[in-house]
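Encoded as structure tokens, the structure appears first; notes follow it.
Fair warning: this is a prediction, and the values are worked out from it, not measured in the lab.
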Amino acid sequence: MRLGMFQASKTHLNELQIKRLEEILIVIDKQDQIIGADTKRNCHLMENINKGLLHRGFSVVLFNTQNQLLVQQRADAKYTFPGHFTDSCSSHPLYVPEELEEEDAVGVRRAALRRLQAELGIPQDQISIKDITFMTRKYQKCQSDAVWGDHEIGYLLLVRKDLTLNPDPREVRSYSYMSQEDVQELLDREARGAEKITPWFRSMVEDFLLPWWPYLEDVSPFVEPDKIYGL
């Protein structure tokens, strides 16, 4: 890729997003086995994705006790899908010992806790990894623009708890709790071209959240830790 195109693709990023591009992510194969590590930037460049570079990620769906889903709009400074509506919090475990630990997905859940606190400003005393349920995994490959994209196996994590939010505006443009009907209306608006939604959020709602929604008090029948959907 020409350097000029890469530099131009970064012009909308703030300092935080540029710094985060240097984080070291976990590189995996399609069985979610760890095979190495690379920078967040390299993992999200389409030229590397097209060569097969695959990394580990996660998405958190955060419900309050009224069974409303926290939906966020990504900040305009995000490198992929800026300004798009999406799940409550999505990011990546890092290639560090505490987030590489795989039993009970504890490493990914620690990463999710870190990002829930950093991105959504949830106080440390309100949430712990025990509040984060590992539901299943989903493979995704999508292109944001000519430079950036996403290619990951994402761990789908669920939290159902009333929490205090103070989102970082460098990460989150807007946010609101939505009922099932509100979310369906958002998807309908996107289908008409009136809103922008991340590709993974639409598939997440249709494939997982709509079936789970009536059973949020006990989602244990839907827990499939050994499954990877989408492959």
Side-chain angles (χ1 to χ4, degrees), residues 5-25 39-46 49 55-64 68-94 108 111-124 126-127 132 140-152 154-157 159 163-178 182-183 185-187 189-190 193-205 209:
M5 181 187 286
F6 177 67
Q7 294 297 346
S9 75
K10 293 203 301 181
T11 55
H12 71 287
L13 303 185
N14 58 34
E15 287 184 18
L16 175 68
Q17 301 301 331
I18 292 171
K19 182 179 179 183
R20 289 195 63 218
L21 287 174
E22 302 309 317
E23 292 175 343
I24 305 299
L25 305 191
T39 63
K40 186 177 180 182
R41 172 172 53 242
N42 285 342
C43 286
H44 290 87
L45 287 172
M46 281 308 303
I49 290 170
H55 65 276
R56 184 177 286 172
F58 65 81
S59 289
V60 179
V61 287
L62 169 59
F63 291 87
N64 61 21
Q68 296 170 314
L69 173 67
L70 180 70
V71 176
Q72 69 152 281
Q73 184 180 19
R74 291 162 68 84
D76 292 331
K78 288 283 195 177
Y79 59 103
T80 58
F81 301 99
H84 286 54
F85 288 94
T86 195
D87 50 282
S88 311
C89 178
S90 54
S91 191
H92 314 87
L94 302 180
V108 176
L113 181 64
R114 170 176 58 81
R115 290 304 301 164
L116 285 166
Q117 292 169 344
E119 189 171 313
L120 297 180
I122 298 171
Q124 290 188 0
Q126 289 190 13
I127 190 167
I132 302 171
Q140 67 178 26
K141 184 179 182 181
C142 51
Q143 184 165 347
S144 179
D145 58 27
V147 176
W148 302 107
D150 212 356
H151 189 214
E152 69 175 44
Y155 284 57
L156 190 45
L157 309 171
V159 176
L163 298 165
T164 303
L165 304 179
N166 183 26
D168 185 338
R170 298 173 298 176
E171 301 272 11
V172 180
R173 178 170 159 186
S174 68
Y175 64 99
S176 61
Y177 280 101
M178 293 189 178
D182 295 333
V183 171
E185 184 180 324
L186 178 64
L187 296 187
R189 292 205 305 272
E190 190 255 356
E195 299 288 2
K196 294 185 293 184
I197 294 174
T198 61
W200 63 87
F201 184 52
R202 173 175 282 279
S203 64
M204 187 187 305
V205 171
L209 299 191

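- Between I127 and L116 the shortest heavy-atom distance is CD1-CD1, 3.7 Å.
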- request: Dump the intermediate steps for side-chain contact (heavy atoms from CB on, under 4.5 Å) on W148 and L45, then the final yes or no.
  value: CA-CA 5 Å; W148 302 107; L45 287 172; 3.7 Å; yes
- prompt: Can you check side-chain contact (heavy atoms from CB on, under 4.5 Å) on M46 and H151, steps first, answer last?
  reply: CA-CA 9 Å; M46 281 308 303; H151 189 214; over 6 Å; no
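- Under a 3.5 Å cut-off, the side chain of S88 and the backbone N or O of L70 do form a donor-acceptor pair.
- For the pair R74 and R173, the tightest heavy-atom approach, listed with the atom from each and the gap, is O-CB, 3.6 Å.
- Note: L120 CG to L163 CG = 9.0 Å, rounded to the nearest 0.5 Å.
- Atom CD1 of I197 sits about 9.0 Å away from atom NE2 of H84, to the nearest 0.5 Å.
- Considering every non-hydrogen atom in both L94 and L25, the closest pair reads CD2-CD2, 3.8 Å.
- Of all heavy-atom pairs between V183 and F201, the closest is CG1-CZ, 4.4 Å.
- At a threshold of 4.5 Å between non-hydrogen side-chain atoms, the residues L157 and V61 do not count as touching.
- Summarising the geometry of R115 relative to C89, their closest heavy-atom pair is CB-SG, 3.8 Å, with the distance given to 0.1 Å.
- Using the six-membered ring where Trp is involved, H44 and H92 have ring planes that are perpendicular, over 60° apart on the 30 and 60° scheme.
- The shortest side-chain heavy-atom distance between T39 and I24 falls under the 4.5 Å cut-off.
- Residues forming a side chain to side chain donor-acceptor pair (under 3.5 Å) with Q73 (at least two apart in sequence, or on another chain): S174.
- Of the possible donor and acceptor atoms, one in the side chain of S144 sits under 3.5 Å from a partner among the backbone N and O of F81.
- The two residues P199 and C142 make their nearest non-hydrogen contact at CG-CB, 3.9 Å.
- Using a 3.5 Å distance cut-off with no hydrogens or angles, the side chains of T164 and Q126 do pair a donor with an acceptor.
- Residues forming a side-chain contact (heavy atoms from CB on, under 4.5 Å) with Q68 (at least two apart in sequence, or on another chain): N64, Q66, Y177.
- Rounding to the nearest 0.5 Å gives a distance of 7.0 Å between CH2 of W200 and OG of S59.
- For R189, the side-chain contact (heavy atoms from CB on, under 4.5 Å) partners are E185, L186, R192, A194, E195, not counting sequence neighbours.
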